[in-house]
Structure formats: C-alpha cells, structure tokens
Amino acid sequence: MMIIYPFSIADNGVLTHTRGDTAQFKLNVQVDGVPLTSYNATFSVKQYPDDTSYLYQVTFNQSTPCIITHDLTAGLPYGTYWWDVQIVYFDSQEQSTQYKTVGAYPYILKPDVTG
C-alpha cells in the first residue's frame, strides 16, 4: 500500500509541498509548557521574505486546521519560496495581546507532472 505525503515540514523548518495538492496541518501551541486554548494564526507564503505582497495566506485557529487548497498553489511556478506562521493570542498574565512568529523558512514547491 502506498501512503502519499503531499506536504512535509522537516526538523529544520523546510516545508516541501507538491504544487496543486491539497494539504493541511494543525498546530500544538504552548506557552511555558501550557497548551493555548484560544489563538488565531496566519500561514503566509512569499516569493522572498522581504517582499511586501503575499503569494497566499491562510488563516486558522485552535479549532480549525490550516488548509492549503489546490487553487492556492496550482498556478505557481515550482521552486523555492518562504513561509511563516504568525500566532496571535491574549496573555491573561500580561493582560495583552501577544504576537509570535514561527519562521521564516524555505518552502519548496515541487512540480506536478500530471496536473
């Protein structure tokens, strides 16, 4: 039996995704070892980290996964881009909204031969 992995994130943060494939992931967000029960997040992809425009963004939260649909990547040329995830949550001890970013890391969009 073949198991298909259209999407993977390596330990070094490099994300590999096949162009046009649907993929999804969820986050296990913890602050000081305590899981967050409420947060909003944005997965962003740019050609270069310092670009002012995004190739695409997906918003999600603790209840819904980040879903990368076919349409978001089908029209992109394959190659290396950059991704990050910004997590926004309210810190009750600090009584303020906190912003934390994971990344930026390389995002390798592999070609699809059939599509």
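In this text the structure is predicted, and so the values were computed from the model without any measurement.
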Does some side-chain heavy atom of [Y] sit less than 4.5 Å from a side-chain heavy atom of [X]?
{"X": "Val85", "Y": "Phe60", "value": "yes"}
{"X": "Thr37", "Y": "Gln62", "value": "no"}
{"X": "Tyr105", "Y": "Leu15", "value": "no"}
{"X": "Val29", "Y": "Tyr89", "value": "no"}
{"X": "Trp83", "Y": "Ser44", "value": "no"}

How far apart are the closest heavy atoms of [X] and [Y], and which atoms are they?
{"X": "Ala104", "Y": "Asp84", "answer": "CA-CB, 4.1 Å"}
{"X": "Asp51", "Y": "Lys46", "answer": "O-NZ, 2.5 Å"}
{"X": "Pro106", "Y": "Thr80", "answer": "CB-CG2, 4.2 Å"}
{"X": "Glu94", "Y": "Asp91", "answer": "N-OD1, 3.0 Å"}

Should [X] and [Y] be regarded as members of a common hydrophobic cluster, given that ILVMFWY residues are connected when their side-chain heavy atoms come within less than 4.5 Å of each other, either directly or indirectly?
{"X": "Tyr78", "Y": "Tyr56", "answer": "no"}
{"X": "Leu76", "Y": "Val45", "answer": "yes"}
{"X": "Trp82", "Y": "Val58", "answer": "no"}

Quick one: [atom1] on [X] to [atom2] on [Y], what's the gap to the nearest 0.5 Å?
{"X": "Cys66", "Y": "Asn61", "atom1": "SG", "atom2": "CG", "result": "11.0 Å"}
{"X": "Thr22", "Y": "His70", "atom1": "OG1", "atom2": "NE2", "result": "7.5 Å"}
{"X": "Asp112", "Y": "Arg19", "atom1": "CG", "atom2": "CZ", "result": "4.5 Å"}
{"X": "Tyr48", "Y": "Ser53", "atom1": "OH", "atom2": "OG", "result": "12.0 Å"}
{"X": "Thr42", "Y": "Tyr99", "atom1": "OG1", "atom2": "OH", "result": "10.5 Å"}
{"X": "Thr69", "Y": "Gln24", "atom1": "OG1", "atom2": "CD", "result": "11.5 Å"}

Plane angle bin for Tyr107 and Phe43 - parallel if under 30°, tilted between 30 and 60°, otherwise perpendicular: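 The rings of Phe43 and Tyr107 stand perpendicular, inter-plane angle above 60°.
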Test side chain to side chain contact (heavy atoms under 4.5 Å, CB included) applied to Val31 and Leu36, step by step: CA-CA 7 Å; Val31 175; Leu36 286 181; 3.8 Å; yes
Members besides Ile108 in its Ile/Leu/Val/Met/Phe/Trp/Tyr cluster (side-chain heavy atoms under 4.5 Å):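 Via sub-4.5 Å side-chain contacts, Ile108 links to Val14.
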Sequence-distant partners of Tyr39, ring pair (Phe, Tyr, Trp, His ring centres under 6.0 Å), two or more places apart: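 Residues passing ring pair (Phe, Tyr, Trp, His ring centres under 6.0 Å) with Tyr39: none at all.
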Ser96/Gln98 under side chain to side chain donor-acceptor pair (under 3.5 Å): CA gap, chis, key distance, verdict: CA-CA 6 Å; Ser96 64; Gln98 300 292 310; 2.8 Å; yes
Any donor-acceptor N/O pair, His17 side chain to Asp21 backbone, under 3.5 Å: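 Checked: pair present.
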Donor-acceptor contact below 3.5 Å, side chain Thr73 vs main chain Gly20: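 Yes, Thr73 side chain to Gly20 backbone: donor-acceptor pair under 3.5 Å.
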More than 12 heavy atoms of other groups within 6.0 Å of Gln93 CD: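 No, CD of Gln93 has 12 or fewer neighbouring heavy atoms, counting only those of other groups under 6.0 Å.
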